[in-house]
Colleague: 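The structure under discussion is supplied below as structure tokens; questions concerning it will follow.
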Amino acid sequence: MPSRRPAPRPAPRPAPHPARHHALVVVACVAASLALLPARCPAADRPAPQTQRYRLIFNSDGHAVFKDANGDLDQWIENLFAPLENSDVDALFWCDGAGGNTANYDSKVLERSGARVGKTDPRLQALIDAGNDPPLVVVREARKRKIDVFYSFRINDIHDAFLVDERPTFKIKHPEWLIGKKKYGNVTSYETALNFAIPQVRELKYRAMEEVFTKYDFDGLEIDFLRGAPYFLPGTAQKHAHLLTELLTRYRKLLDRQSKKRGRRLQLAVRVDESVAACRRDGFEIARWIQHGLVDHVILGSGVVDIEVAEFTRLARPQGVHIYPCLYGWPSKYSPISRQLAAGTALNYWNQGASGIYLFNWFPHTKNNSESSGAWMPSMLDRLGHPAALRKGENHLMFVVDRGRPAGEYPSNWLHCVLPERLVTGKPITLRLRVREDISKHAPTATLTIQVDSLQAEDVIAVTINGKPLSGFQPSGKDRISVVIPSGRVPVGDNRVTLALTREAGTSKAPRIARAVELDVRKK
């Protein structure tokens with residue numbers, strides 16, 4: 001979601017980093033962005049109170065972590081917390097593993113996972129009966145380790161389209177609450193996506209969190225909007241965007257009420273698309289949420305590599321809101337993400353002004369790990385939160401041209417992506433290779449690799465970087481060619497790479513699909 005060891009002493013909580021100074025032009029950027037959004041918003045203009053900046057946020061999908069423990073309470077705690085101890089992780093965003101439609105905890109608002117089909121988990125019930133309701137355990141164990149813990153609410157998850165145990169009774173009884181299979185551009189929504197224009201849908205999703213924050217002592221709430229879009233029928237997102245803002249305002253007021261009772265501020269985080277333009281398409285009034293003090297933390301992206309960190313920080317920093325790009329490779333077809341790509345991408349994010357890094361679908365527990373995640377993951381948790389530690393400790397960095405397409409649960413993501421793209425003779429394609437790290441300080445040379453489906457030995461592909469041609473490519477595996485270049489050929493910034501098929505061999509009629517452009521930088 002290893003044999004038990006004595007609990008190590010928790011790492012001390014870092015002090016909040018000092019605020020950075022910003023140019024006055026930021027105010028103009030905020031105003032321009034707000035002008036593009038609907039005028040309706042129930043909150044008054046006010047900045048969010050200054051909150052803790054986290055170095056590393058670890059989002060835990062509770063399903064595999066719990067399942068892999070086979071009902072052993074101590075093993076479950078070990079699976080969840082052992083990799084986080086003595087690491088850069090300051091905050092755990094815990095999802096109960098049910099996707100927000102059913103509950104893997106003791107709830108009177110949402111039915112238990114599997115209840116509709118008579119397949120509830122007896123191991124979960126045994127824990128609850130013994131006084132170990134999962135949210136109680138997670139909060140208690142996080143407190144011991146001085147890690148802030150948020151409840152991560154996947155507000156419109158569609159895994160129940162193919163996982164029958166997670167499909168709730170309310171979706172069977174109320175098909176009119178569902179969007180169903182509708183076309184959004186070139187993609188089709190999942191049949192179980194909820195229509196948030198329906199008042200009963202919003203009320204149910206509010207009451208679920210009202211129960212959680214009445215019963216359990218979480219430090220904050222994450223509304224995961226990327227699990228998942230769409231939220232409204234095609235063509236109506238702009239018309240109904242204010243409804244999501246009103247729902248988010250209800251969550252903020254809920255947390256404020258609980259804050260008064262507990263004597264500390266409960267925080268609100270949201271996870272949204274990787275660009276302001278994509279947020280607008282999905283009905284996320286992100287600039288308004290920031291400007292009106294509704295949110296404390298904004299998480300960006302879900303598998304997109306090129307996240308537009310800077311445009312969000314321009315909106316957020318004047319309001320004291322923190323920005324965290326999501327480091328996750330599956331939808332971009334880097335799954336599990338490699339160590340070198342994680343290191344290079346994290347440095348890109350830090351150098352673009354990220355407040356910290358957000359990890360999603362990382363499963364670093366070592367015993368009975370059903371997710372087959374990267375075995376290296378635990379050993380990076382003590383450096384991803386510090387750019388200097390990454391530069392010093394990682395000998396291999398990778399930077400890639402992003403790739404991917406919108407999908408049924410991500411209709412507005414990857415809008416910037418070109419790859420994968422067919423190469424046609426006489427029609428070059430232009431790509432962005434974002435390298436925000438000075439790689440010349442890491443190594444004198446770098447290796448550029450191009451992957452093209454059905455590549456033939458007699459094919460000729462012309463490659464340029466920032467307008468200057470590259471030569472000397474050699475085969476480096478199936479459908480891959482590589483060349484070693486001086487690091488200085490790839491300066492800090494957004495580098496322009498062009499690919500042109502200048503000769504197509506007759507040995508294959510299969511289309512030549514440009515699949516990947518990757519830059520490897522290794523210390524000698």
Colleague: Does the pair Glu308/Arg434 count as a salt bridge with the N-to-O cut at 4.0 Å?
Modeller: yes

Colleague: Does one side chain, of Asp402 or Ser332, offer a donor that lies under 3.5 Å from an acceptor on the other?
Modeller: yes

Colleague: Identify the two heavy atoms, one from Ser302 and one from Tyr410, that lie closest to each other, and give their separation to 0.1 Å.
Modeller: OG-OH, 2.7 Å

Colleague: Salt-bridged, Asp306 to Arg432, with N to O below 4.0 Å?
Modeller: yes

Colleague: Dump the intermediate steps for salt bridge (Lys or Arg N to Asp or Glu O under 4.0 Å) on Arg512 and Asp453, then the final yes or no.
Modeller: CA-CA 5 Å; Arg512 310 308 198 260; Asp453 291 358; over 6 Å; no

Colleague: Under the salt bridge (Lys or Arg N to Asp or Glu O under 4.0 Å) criterion, do Glu409 and Arg227 qualify, and how do the steps go?
Modeller: CA-CA 7 Å; Glu409 72 276 35; Arg227 283 292 198 266; over 6 Å; no

Colleague: More than 12 foreign heavy atoms under 6.0 Å from NZ of Lys441: is that the case here?
Modeller: no

Colleague: Counting C-beta onward and ignoring hydrogens, is there a side-chain heavy-atom pair between Leu448 and Leu470 closer than 4.5 Å?
Modeller: yes

Colleague: Name all residues meeting the ring pair (Phe, Tyr, Trp, His ring centres under 6.0 Å) criterion together with His442; count only those two or more places apart in sequence or in a different chain, and write none if there are none.
Modeller: none

Colleague: Who passes ring pair (Phe, Tyr, Trp, His ring centres under 6.0 Å) against Tyr349, sequence neighbours left out?
Modeller: none

Colleague: Knowing that exactly one of Ile465, Val418, Thr498 qualifies, which makes a side-chain contact (heavy atoms from CB on, under 4.5 Å) with Leu431?
Modeller: Val418

Colleague: Within a strict 4.5 Å, meaning less than it, do heavy atoms of the Tyr151 and Val138 side chains meet?
Modeller: no

Colleague: Are Asn466 and Pro491 close enough that some pair of their side-chain heavy atoms sits under 4.5 Å apart?
Modeller: yes

Colleague: Which of these passes side-chain contact (heavy atoms from CB on, under 4.5 Å) with Val463: Leu499, Val483, Val517?
Modeller: Leu499

Colleague: Is any NZ, NE, NH1 or NH2 atom of the basic residue among Glu85 and Arg145 found under 4.0 Å from an Asp or Glu carboxylate oxygen of the other?
Modeller: yes

Colleague: For the pair Trp76 and Trp94, name the ring-plane relationship: parallel under 30°, tilted 30 to 60°, perpendicular over 60°.
Modeller: tilted

Colleague: Let me see the working for Asn79 and Gln75 under side-chain hydrogen bond (donor to acceptor under 3.5 Å, both in side chains), right down to the final yes or no.
Modeller: CA-CA 6 Å; Asn79 286 354; Gln75 188 62 60; 3.0 Å; yes

Colleague: In terms of side-chain heavy atoms, does Asp520 have a donor or acceptor partner in His396 at a distance below 3.5 Å?
Modeller: yes

Colleague: For Tyr324 and His297, take the angle between the two ring planes, folded into 0 to 90°, and tell me which bin it lands in: parallel under 30, tilted 30 to 60, perpendicular over 60.
Modeller: tilted

Colleague: Please determine whether the number of non-hydrogen atoms from other residues, nucleotides or ligands lying under 6.0 Å from atom NZ of Lys523 exceeds 12.
Modeller: yes

Colleague: If the threshold is 4.0 Å, N to carboxylate O, is there a salt bridge linking Glu394 and Arg339?
Modeller: yes

Colleague: Excluding sequence neighbours, so at least two apart, what forms ring pair (Phe, Tyr, Trp, His ring centres under 6.0 Å) with Tyr231?
Modeller: Phe196, Phe225, Phe284

Colleague: Any chance you could lay out the ring-ring contact (aromatic ring centres under 6.0 Å, His included) test for Trp376 and Trp362, step after step, and finish with the verdict?
Modeller: CA-CA 11 Å; Trp376 53 267; Trp362 282 39; 5.3 Å; yes

Colleague: Look at Glu421 together with Arg405 and state whether they make a salt bridge at an N to O cut-off of under 4.0 Å.
Modeller: yes

Colleague: About how many Å separate CD of Glu141 and CD1 of Ile77, when rounded to the nearest 0.5 Å?
Modeller: 4.0 Å

Colleague: Indicate the atoms forming the closest heavy-atom contact of Ala446 with Ile439, along with that distance.
Modeller: CB-CD1, 4.3 Å

Colleague: How about Thr507 and Glu458: do any of their side-chain heavy atoms sit closer than 4.5 Å?
Modeller: yes

Colleague: Rounded to the nearest 0.5 Å, what separation is found between the OG atom of Ser412 and the CG atom of Asp273?
Modeller: 5.5 Å

Colleague: What are the two closest heavy atoms between Pro469 and Arg489, and how far apart are they?
Modeller: O-NH2, 3.4 Å

Colleague: Using a strict threshold of under 4.0 Å (side-chain N to carboxylate O), is an ion pair present between Arg436 and Asp494?
Modeller: yes

Colleague: Would a 4.5 Å heavy-atom cut-off, applied to side chains only, mark Ile461 and Val452 as touching?
Modeller: yes

Colleague: Measure across Trp350 and His386 and return the closest heavy-atom pair with its distance rounded to 0.1 Å.
Modeller: CZ2-N, 4.4 Å

Colleague: How long is the span from the CD atom in Gln52 to the CZ atom in Arg55, to the nearest 0.5 Å?
Modeller: 9.0 Å

Colleague: side-chain hydrogen bond (donor to acceptor under 3.5 Å, both in side chains), that's the test. Do Ser482 and Ser476 meet it? Break it down for me.
Modeller: CA-CA 6 Å; Ser482 299; Ser476 58; 2.7 Å; yes

Colleague: Is Asp68 salt-bridged to Lys367, cutoff N-O under 4.0 Å?
Modeller: no

Colleague: Between Thr502 and Asp459, is there a side-chain heavy-atom distance shorter than 4.5 Å?
Modeller: no

Colleague: Say whether Tyr54 and Ser355, considering side chains only, have a donor N or O and an acceptor N or O under 3.5 Å apart.
Modeller: no

Colleague: Would you say the side-chain atoms of Gln267 and Asp219 include a donor-acceptor pair closer than 3.5 Å?
Modeller: no

Colleague: May I ask you to decide if the ring planes of Phe360 and Tyr358 are parallel, tilted or perpendicular, using 30° and 60° as cut-offs?
Modeller: parallel

Colleague: Does either side chain, that of Ser370 or that of Lys67, offer a donor lying less than 3.5 Å from an acceptor on the other one?
Modeller: yes

Colleague: Report the distance from atom CZ of Arg271 to atom OG of Ser152, rounding to the nearest 0.5 Å.
Modeller: 7.5 Å

Colleague: What is the minimum heavy-atom distance between Gly408 and Pro230, and which atoms define it?
Modeller: O-CD, 3.7 Å

Colleague: Can you name the nearest heavy-atom pair linking Asp88 to Leu56, along with the distance?
Modeller: O-CB, 3.3 Å

Colleague: Check step by step if side-chain hydrogen bond (donor to acceptor under 3.5 Å, both in side chains) holds for Glu518 and Thr449.
Modeller: CA-CA 5 Å; Glu518 301 167 350; Thr449 299; 5.4 Å; no

Colleague: When rounded to the nearest 0.5 angstrom, what is the spacing between CG in Asp296 and OG1 in Thr51?
Modeller: 4.5 Å

Colleague: Quick check for you: to the nearest 0.5 Å, what is the distance between Leu244 atom CG and Ile286 atom CD1?
Modeller: 11.5 Å

